[in-house]
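The structure under discussion appears below in the form of structure tokens.
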Amino acid sequence: MLSLALLTLKARKGGFVGTFVALLLGAAVLSACGILLESGIRAGSSAERYAAADVVVTGRQEVELTFKDLDGSTVKESQPLPERVPLRASSADRITGVEGAKTVITDVGAPVRLVTDAGQPVPGHHGAGVEAHNWSSLGLGDFRLTTGHAPRAAGEIVLDTELAAQADVRPGDDIRLMTTSVPRTFQVAGLVALKNGGAPRRSVAFLADATLRRSVPEASIQAFGVLAAPGASPHRLADAIQSALHDDTLAVHTGEGRGRAEFLDVTVSGSNLVVLAAAIGGNVLLVAVFVLYATTSLSIRHRRREIALLRAIGTTPGQIRRMVAAEAAATGLLAGVVGCPAGLLLVYWLRDRFAGHGIVPSDFDLALSPLPFLAAVLVTVLTALVAVLSAAHRATRIRPTEALGEAAVETPGLGRGRRITGGVLLVLSAGIFVTGLAQEADFFTLVGLANSLVLVLVVAVAVLGPLVSRTAVRLLAPLLNRTGVTGYLAAANTRANVARLAGAITPLVLAVSFSSTVVFAQTTGLRESADQLRAGLVADHVLTAPSGVSPELAEKARGMKQVASATGLVRSKVVAMGRMLGTRESVSLSAQGVDPRALGSALDLRPREGNMKALSRDTVAISTTTASWLGIGVGDTARLHLGDGTPLRAEVVAVYERGFGFPDVTMDHDLLLAHTTGKVDESVLVRSAPSAPDLTQALSHLAAAYPGTVLRDGLAVDDQLAEQRANAWVNYLVVGVIIAYTAITVVNTLAMSTAARRREFALLRLSGTARGQVVGMMRRESVIVIAAGVGIGTLLSVFPLVLVSLAVSGTPIPAVPGLGYLAIAGATAVLAVAGTMLPTRMLLRIRPVEAIGARE
């Protein structure tokens with residue numbers, strides 16, 4: 001069978017081009033997603049400040065939740081923590097007593113901001129902030145003193161050489177350091193650099209230990225670095241330390257793990273990348289199965305005479321299945337091998353796009369190994385096998401005595417099995433939609449139902465393809481009949497070949513429905529978020545800075561006579577246990593901390609129930625979306641873990657509606673601020689008093705005391721929606737892959753269908769039909785394909801979009817930009833025209849006498 005399969009591939013190269021290209025694209029995307037997945041799991045960077053330590057002990061930067069699944073089994077899920085987990089000083093004594101530990105060095109640090117004498121902020125390397133650390137922690141890392149001396153006096157500081165060059169300072173010069181208060185002046189005592197001469201990944205400043213504790217009160221213990229005794233194994237020492245500490249909130253690192261412990265942004269980004277890579281890869285695989293099934297079904301339909309002849313000469317169904325399986329395996333293997341190098345190029349492009357949207361740091365390193373490529377090739381081959389065996393199932397069951405007769409004509413109508421299956425799917429779709437309408441208040445149920453609905457509807461159309469095509473022809477054929485002879489021929493052809501028409505319409509339906517649902521779900525969400533932001537921010541003025549605002553500003557602004565209310569706005573994440581469609585899962589929620597006194601005056605979240613001003617250190621308010629996800633309401637207890645892992649049990653005192661424009665959870669400002677790494681506000685919201693002369697000037701003077709702080713009339717909507725826009729971009733990327741797959745399928749399907757009609761074209765021309773009339777006939781057939789594909793695809797997307805819009809805004813009307821819809825519909829129309837008209841014009845160049853005698 002293998003030799004026969006290879007001969008078939010050689011003889012029918014054109015018929016396998018579409019399948020090969022679809023598999024190649026799938027292998028490229030899957031290998032790229034595999035690399036991203038592995039990179040996310042192994043995310044890290046070479047240690048710098050911890051490079052000399054044999055073992056590093058930090059807080060465990062994830063929280064693990066345990067719960068019972070639907071089947072009663074115990075499930076454990078972890079969520080990354082965005083804030084650095086602080087350590088207790090007492091842990092150092094326990095580590096010191098471990099056998100093999102020679103020296104234990106405590107690393108104390110905090111994010112800081114540097115300002116030149118001219119008042120200009122000094123950004124850190126790669127645009128990241130600057131961290132201040134105690135001088136004694138220098139012995140843990142790869143830094144060496146190159147110029148000057150160690151910080152000895154209270155007013156001395158040591159900078160890394162690149163940071164000093166950026167600030168244009170040298171030893172002996174002054175520079176100002178700012179944390180959560182006004183800047184203080186320090187004298188540069190010396191400069192440090194990495195031993196290899198390279199620039200550090202994170203800009204760093206060193207202060208004397210006593211000075212750091214006094215000048216940077218928010219500094220905390222970030223790690224304990226352990227130097228092993230001579231002859232002690234770092235791995236055995238790490239195991240001994242782990243046993244001695246016996247604390248699930250602590251993590252012990254050696255080797256590459258030291259880099260992950262040092263650079264928290266890489267670790268958190270890696271966790272996000274794992275989720276994104278899995279989502280993109282899963283969607284691509286789902287679409288690939290649809291596309292390949294359509295492509296291989298068409299290819300086998302065009303080989304019905306060949307398969308019929310094989311059955312007539314005694315070939316068994318099993319032998320035919322093995323033959324087509326061998327063809328698919330060979331095609332998939334070749335496509336996988338060729339597609340993987342393309343995936344390598346694609347993954348670097350994706351990494352740069354992710355960095356541009358802030359999903360990963362700009363210097364995020366990719367982990368390369370043979371595993372993603374091997375997995376991509378394996379999945380590609382398996383996908384090809386599943387698609388071809390599914391498509392060939394009916395063709396291989398033809399009885400030899402019926403083979404040639406059935407192969408000569410197209411099978412009329414639908415089989416009983418397909419009718420029943422299609423009917424069940426339509427009933428299921430109706431049930432999903434009605435269930436969604438009855439669940440208006442349950443956001444995540446609605447979104448989950450919408451995602452399921454579009455998938456079930458597309459499968460139903462694929463199963464009922466000929467019936468759908470026949471209906472479309474009945475509606476459109478009368479219009480074609482009015483356009484003359486060419487229209488009459490087009491209508492007659494489409495009536496006689498509904499199965500061929502269905503093969504052309506189905507991929508268009510797939511493209512339009514999936515693309516419209518994904519794109520317009522995002523535009524609906526972004527529209528609602530922007531509207532809520534504009535309506536909810538009732539403050540007159542906003543103080544903000546790129547690296548954060550000192551919490552002192554809110555307190556000072558609140559004390560002004562011209563100010564009615566003011567609050568610092570701090571953002572972070574919390575982890576909780578959510579429910580969706582009956583299943584439980586750990587979820588990461590956005591959180592904001594505000595002064596309860598400013599709610600309603602500077603910030604209006606539109607409470608649905610409860611009292612927003614009852615916020616305290618023991619209470620929280622949640623959005624309606626979060627209430628749906630967590631299954632709690634006013635008076636219930638919210639079990640949360642703050643951004644640094646601290647558990648919090650708080651009573652829910654209010655549920656508010658504006659949870660798309662603002663974070664999911666709102667809590668007391670000071671409570672949330674205390675559990676962030678930087679201990680700074682994102683911004684300060686100020687509402688002026690009824691009579692507030694010169695408030696703008698007064699706030700400008702206040703901002704000038706904190707360099708880098710600027711005064712605005714309101715929050716920049718685009719900045720606040722940056723994370724949502726990044727998520728939307730990922731979904732647009734999935735749409736791009738769907739369109740690419742659709743391009744392959746549509747062009748291949750229509751080109752093969754058109755190429756198979758060379759005898760028909762020749763017969764028409766020999767009977768007196770002009771060349772232009774044949775072209776006109778094909779144009780009108782293309783109109784039916786485009787109208788049916790775009791129309792049905794649009795109709796299928798309406799139902800899930802209604803559910804999404806109800807979930808997001810409470811209204812059934814989604815946000816559908818006209819240009820966006822025209823782009824989707826226009827792209828699919830162009831593909832359909834190209835797939836039909838280019839082969840038609842090529843075939844019409846062949847003389848009719850030659851074409852009529854050509855082999856099939």
Side-chain angles (χ1 to χ4, degrees), residues 40 43 58-65 77-86 111 128-129 220 222 249 251 260 263-276 357-361 443-444 529 547-548 568-578 580 585-594 605 615 617 619-623 625-630 632 638-650 652 656 658-683 719-727 730:
T58 64
R60 187 181 179 188
Q61 289 298 147
E62 63 179 10
V63 60
E64 186 176 78
L65 301 180
E77 286 189 2
S78 298
Q79 287 285 346
L81 296 172
E83 312 292 350
R84 189 171 289 278
V85 178
S220 61
Q222 296 188 353
T249 64
R260 290 192 288 272
F263 300 114
L264 182 58
D265 59 335
V266 176
T267 305
V268 174
S269 298
S271 299
N272 296 333
L273 201 59
V274 169
V275 177
L276 288 177
H357 286 84
I359 297 173
V360 299
F443 171 81
F444 287 99
S529 297
S547 54
L569 185 65
V570 59
R571 300 265 176 109
S572 184
K573 299 275 189 180
V574 297
V575 177
M577 185 66 66
M580 187 172 71
E585 58 182 1
S586 60
V587 295
S588 179
L589 304 171
S590 57
Q592 66 179 0
V594 298
L605 300 179
L615 280 181
R617 300 185 69 89
T619 61
V620 296
I622 58 177
S623 68
T625 302
T626 305
S628 164
W629 203 342
L630 303 186
I632 57 177
R639 293 172 173 82
L640 310 172
H641 288 266
L642 300 177
D644 63 354
T646 303
L648 173 69
R649 287 195 174 192
V652 177
Y656 53 89
R658 290 181 173 143
F660 286 97
F662 296 93
D664 303 307
V665 180
T666 299
M667 57 183 61
D668 178 76
H669 172 271
D670 294 343
L671 169 65
L672 189 61
L673 183 72
H675 294 278
T676 60
T677 303
K679 306 294 190 296
V680 293
D681 291 332
E682 182 182 273
S683 55
D719 293 342
Q720 299 302 308
L721 298 180
E723 183 176 352
Q724 294 183 45
R725 292 186 187 279
N727 293 333
V730 173

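Excluded from the calculations below are hydrogen atoms, water molecules and symmetry mates; all remaining heavy atoms, backbone and side chain alike, are included.
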Side chain to side chain contact (heavy atoms under 4.5 Å, CB included) partner of Thr676, the single match among Leu642, Asp681, Val570, Asp644
Val570
Is the shortest heavy-atom distance from the side chain of Arg639 to the side chain of Met577 under 4.5 Å?
no
Decide yes or no for Leu589 and Leu630: does some side-chain heavy atom of the first lie under 4.5 Å from some side-chain heavy atom of the second?
yes
Provide the closest heavy-atom pair for Pro663 versus Ser590 in the form atom of the first, atom of the second, distance.
CA-OG, 3.2 Å
Separation between CG (Leu673) and CZ (Arg571), nearest 0.5 Å, reads 14.0 Å
Check whether any side-chain heavy atom of Ser572 lies under 4.5 Å from a side-chain heavy atom of Glu83, and answer yes or no.
yes
Closest non-hydrogen contact found for Pro82 with Leu264 is O-CD2, 3.5 Å
May I ask you to test the Val85-Gln61 pair for a side-chain heavy-atom distance under 4.5 Å?
yes
Quick one: pull up OG in Ser588 and CD in Gln79 and give me the separation to the nearest 0.5 Å.
5.5 Å
Nearest 0.5 Å please: distance from the OG atom of Ser78 over to the CZ atom of Arg60.
5.5 Å
For residues Ala591 and Val574, report the shortest heavy-atom separation together with the two atoms involved.
CB-CG1, 3.9 Å
Report the distance from atom NZ of Lys679 to atom OG of Ser220, rounding to the nearest 0.5 Å.
5.5 Å
For a quick test of reading the model, state the closest non-hydrogen atom pair linking Ser529 to Phe660 and the distance between them.
OG-O, 3.1 Å
Rounding to 0.5 Å, atoms CZ (Arg84) and CG (Asp265) come to a distance of 9.0 Å
Asp664 versus Trp629: any side-chain heavy-atom pair under 4.5 Å?
no
Output for pair (His669 NE2, Leu569 CG), nearest 0.5 Å, gives 8.0 Å
List the residues meeting salt bridge (Lys or Arg N to Asp or Glu O under 4.0 Å) with Asp668, not counting sequence neighbours, and say none if there are none.
none
Please name the pair of heavy atoms, one in Ser586 and one in Leu65, separated by the smallest distance, quoted to 0.1 Å.
CB-CD1, 3.7 Å
Do Gln592 and Leu605 have side-chain heavy atoms sitting under 4.5 Å apart?
yes
After noting the C-alpha distance and the side-chain angles of Val652 and Val620, does the key distance pass the side-chain contact (heavy atoms from CB on, under 4.5 Å) rule?
CA-CA 5 Å; Val652 177; Val620 296; 4.3 Å; yes
Quick one: are His675 and Leu648 in side-chain contact, heavy atoms under 4.5 Å?
no
Any heavy-atom pair between the side chains of Leu640 and Val575 that's under 4.5 Å?
no
